[in-house]
Colleague: 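Structure incoming, see below.
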Amino acid sequence: MITILGPTASGKTQLAVHLAAKCSGEIISADSRQVYVGMDLGTGKDLKEYSLNGKNTPYHLIDIKQAGYEYNVFEFQQDFLKSYQQIESKGNTPIFCGGTGLYLSAVLNRYDLQEVPQNEKLREDLKEKPSEELVEMLKSMTSLHNQTDITERERLIRALEIQIYRKENPHNKIFPEIKNTCFGILFERNLLRERITQRLSQRLQDGMIEEVENLLSQGIKSEKLLFYGLEYKYVTLFLQKEISYEQMFTLLNTAIHQFAKRQMTWFRRMERQGLKINWIEGTLPLEGKLQQIMLHLKQDHNFKSL
RNA sequence: GGCGUCGUAGCUCAGUUGGUAGAGCAGAGGACUGAAAAUCCUUGUGUCACUGGUUCGAUUCCAGUCGAUGCCA
């Protein structure tokens, strides 16, 4: 498998599609927001980009859930495997492409996740208990690393449900090891910020406000959109008249810059954990990037056929 | 032109009854295996506009200069 990762606005999709054309590739997206139907401009889901000279590059894990749904890493890991096996069986090259660090890691670091069914009785029992007690219970079973686990009762209970189930039902399925060569697109921070700002203006011109209005009019709860973050959060706040257009632009722009930074933090962490990322300078023209990748792959015994 | 107010970290500002200063935002680094575009943690030395004066000592008081702003003419 070939992995293409990078922060937002680094041009991953374009590179992946062109690469796919060279090696009968199919793209598996690693993007936690492009899975949703109707969330297009705000997620940078440009489906037109997948067709090159009239040829369509198959893509997976895009538009697979309705907006408003709460997709998660476990489902992603499962869905990834299905797509991966399907591509393998056709003899095509899987190209894993995206910027959601957690999803990339779930596959590349072979996270141990298992299906945990809902336990109505447990939920009923836990309903009575105060949140503090539930937090203590959870703490005794696993390390907490963020607030989203415990601020909402529903999620807190789900977290406990998972821990309890796993304790009682150890499984022996291991996520398969996938031979993988990883490339990352690298931009100097200031340049990336400029690209993000420019792209944001473009998205607004292209109708991003209307896209969010549309989602709201379809009955998708504003709380969901606020949680989806970035474009969906700030445009919703604007539509709710919580912030002005100017504020929306400034705050959103900054939020995307910060997001890109967090993505880079995650990628560096993946490297520290042992993943070899072959960084490609983002300012190189597309052809140069492809050349660099092909050269690297030819030296790689996994890709002799290229 | 006269009178007043202001000029402090990249930005918005606080403060020092005279002993060289601190918040928010931005920025930087990091954590993160079940909503991850989420969530959370760490991180603040800057000719306190400039030039003089008073003082043991001034960013703080005084005078002047420059800049901003308000009112009056």
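Atoms considered below: every heavy atom in the structure, side chains included; atoms not considered: hydrogens, waters and symmetry mates. Per chain, numbering begins at 1; letters A, B, ... match sequence-line order.
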Colleague: Where each residue is assigned the nucleotide of RNA chain B containing its nearest heavy atom, which of A:R203 and A:L113 is assigned the position nearer the 5′ end?
Modeller: A:L113

Colleague: Identify whether A:Y103 and A:F74 are in the same connected component of the hydrophobic contact network (ILVMFWY, side-chain heavy atoms under 4.5 Å).
Modeller: yes

Colleague: For RNA chain B, what are the stems built from at least three Watson-Crick or G-U pairs in a row, each pair having both distances below 3.5 Å?
Modeller: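 B:1-7 with B:66-72, B:10-13 with B:22-25, B:27-31 with B:39-43, B:49-53 with B:61-65 - these are the stems of 3 or more pairs that involve RNA chain B.
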
Colleague: Side chain to side chain contact (heavy atoms under 4.5 Å, CB included) for A:T13 and A:D46? Distances and angles first, verdict last.
Modeller: CA-CA 9 Å; A:T13 307; A:D46 189 358; over 6 Å; no

Colleague: Are side-chain heavy atoms of A:L47 and A:K45 found at a separation under 4.5 Å?
Modeller: yes

Colleague: Using a 4.0 Å heavy-atom cut-off across all strands, classify A:Y111 as base, sugar-phosphate, or nothing.
Modeller: base

Colleague: How many whole angstroms separate atom CE of A:M141 from atom P of B:rG34?
Modeller: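 Rounding to the nearest Å, CE of A:M141 and P of B:rG34 are 14 Å apart.
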
Colleague: For A:W266 and A:E271, test the side chains for any donor-to-acceptor distance below 3.5 angstrom and give the result as yes or no.
Modeller: no

Colleague: Could you check A:E75 against A:S32 and say which one's nearest nucleotide on RNA chain B is further toward the 5' end?
Modeller: A:E75

Colleague: Round to the nearest Å and state the distance from A:F175 atom CZ to B:rU33 atom P.
Modeller: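 The distance from CZ of A:F175 to P of B:rU33 comes to 16 Å, rounded to the nearest Å.
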
Colleague: It should be established whether A:R272 places a side-chain nitrogen or oxygen under 4.0 Å from OP1 or OP2 of nucleotide B:rA31.
Modeller: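 Yes, within the criterion.
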
Colleague: To the side chain of A:R262, which of B:rA38, B:rU33, B:rG30 is closest?
Modeller: B:rA38

Colleague: Extract all donor-acceptor atom pairs below 3.5 Å that involve side chains of residues 82-89 of chain A and protein atoms in other chains or at least two apart in sequence.
Modeller:
residue, atom, partner, partner atom, Å
A:S83, OG, A:D79, O, 3.2
A:S89, OG, A:Q85, O, 3.4
A:S89, OG, A:Q86, O, 2.7

Colleague: A:Y59 vs A:Y50 aromatic rings, parallel, tilted or perpendicular, using cut-offs 30° and 60°?
Modeller: tilted

Colleague: List the steps, then state whether salt bridge (Lys or Arg N to Asp or Glu O under 4.0 Å) holds for A:E70 with A:K65.
Modeller: CA-CA 9 Å; A:E70 288 172 12; A:K65 295 289 169 191; over 6 Å; no

Colleague: So, for A:F80 and A:F96, is the gap between ring centers shorter than 6.0 Å?
Modeller: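 For A:F80 and A:F96, the ring centres are under 6.0 Å apart.
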
Colleague: How far does the P atom of B:rU54 sit from the matching atom of B:rU43, given to the nearest Å?
Modeller: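 So the two P atoms sit 44 Å from each other.
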
Colleague: When the distance from CG of A:L138 to P of B:rC32 is rounded to whole Å, what number comes out?
Modeller: 16 Å

Colleague: Enumerate all atom pairs, one protein N or O and one N or O from nucleotides 26-28 of chain B, separated by less than 3.5 Å.
Modeller:
residue, atom, partner, partner atom, Å
B:rA26, OP1, A:Q258, NE2, 3.1
B:rG27, OP2, A:Q258, NE2, 2.9
B:rA28, OP1, A:R189, NH1, 2.7
B:rA28, OP1, A:R193, NH1, 3.3
B:rA28, N7, A:K261, NZ, 2.8

Colleague: Looking at every strand, decide which applies to A:Y103 at a 4.0 Å heavy-atom threshold: base, sugar-phosphate, or nothing.
Modeller: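 Sugar-phosphate only.
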
Colleague: Of the candidate nucleotides B:rG34, B:rU33, B:rA37, which contains the atom at the shortest distance from the side chain of A:V116?
Modeller: B:rG34

Colleague: For A:F238, give me all partners under ring-ring contact (aromatic ring centres under 6.0 Å, His included), at least two apart in sequence or on another chain.
Modeller: A:Y245

Colleague: One pair to check against side chain to side chain contact (heavy atoms under 4.5 Å, CB included): A:E213 and A:L216. What are the steps and the verdict?
Modeller: CA-CA 5 Å; A:E213 271 175 335; A:L216 285 167; 5.7 Å; no

Colleague: Please state the P separation for the pair B:rA49 and B:rA14 - nearest whole angstrom.
Modeller: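 Taking atom P in both B:rA49 and B:rA14, they lie 14 Å apart.
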
Colleague: Could you check how far CZ of A:F227 sits from P of B:rA37, rounded to whole Å?
Modeller: 10 Å

Colleague: Using the P atom in both, what is the distance from B:rC3 to B:rU8, to the nearest Å?
Modeller: 24 Å

Colleague: Rounded to whole angstrom, note down the P distance from B:rG46 over to B:rG22.
Modeller: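 These two P atoms come out 13 Å apart once rounded.
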
Colleague: Would you check if A:R269 and A:T265 make a side-chain contact, meaning some heavy-atom pair closer than 4.5 Å?
Modeller: no

Colleague: When the distance from CD of A:Q34 to P of B:rA36 is rounded to whole Å, what number comes out?
Modeller: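 Going from A:Q34 (CD) to B:rA36 (P), I get 14 Å.
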
Colleague: With rounding to the closest Å, how many angstrom separate the P atoms on B:rG15 and B:rA9?
Modeller: 15 Å

Colleague: Nearest-Å distance, CG (A:L226) to C1' (B:rU39)?
Modeller: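 In whole Å, B:rU39 C1' lies 15 Å from A:L226 CG.
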
Colleague: Taking B:rA26 as the reference, what is the distance to B:rC40 when you measure between their P atoms (whole Å, please)?
Modeller: 13 Å

Colleague: Which whole number of Å gives the distance between the P atom of B:rG7 and that of B:rC48?
Modeller: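 Their P atoms lie roughly 14 Å apart.
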
Colleague: Please classify the nucleic acid contact of A:Q78 as base, sugar-phosphate, or nothing, using heavy-atom distances under 4.0 Å.
Modeller: nothing

Colleague: Show which residues join A:Y165 in its hydrophobic cluster (side-chain heavy-atom contacts under 4.5 Å, direct or indirect), or state none.
Modeller: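 Its cluster partners, ordered by chain and number, are A:V116, A:I162.
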
Colleague: Please write out the pairs of protein N or O atoms and N or O atoms of nucleotides 9-11 of chain B separated by less than 3.5 Å, giving the distance to one decimal.
Modeller:
none

Colleague: Students often mix this up, so state it plainly: with edges at 30° and 60°, are the rings of A:Y228 and A:Y36 parallel, tilted or perpendicular?
Modeller: tilted

Colleague: NA contact type, A:N109, heavy-atom cut-off 4.0 Å: base, sugar-phosphate, or nothing?
Modeller: nothing

Colleague: OP1, OP2 of B:rG30 versus side-chain N and O of A:R269: anything below 4.0 Å?
Modeller: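 Checking B:rG30 against A:R269, no side-chain N or O comes under 4.0 Å of OP1 or OP2.
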
Colleague: Tell me: CE of A:M39 to P of B:rA38, nearest whole Å?
Modeller: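 About 11 Å, once rounded to whole Å.
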
Colleague: With rounding to the closest Å, how many angstrom separate the P atoms on B:rU5 and B:rG64?
Modeller: 13 Å

Colleague: Do A:I95 and A:E26 have side chains that get closer than 4.5 Å, going by heavy atoms?
Modeller: no

Colleague: To the nearest angstrom, how far is A:Y71 atom OH from B:rA37 atom P?
Modeller: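 My rounded result for the distance is 13 Å.
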
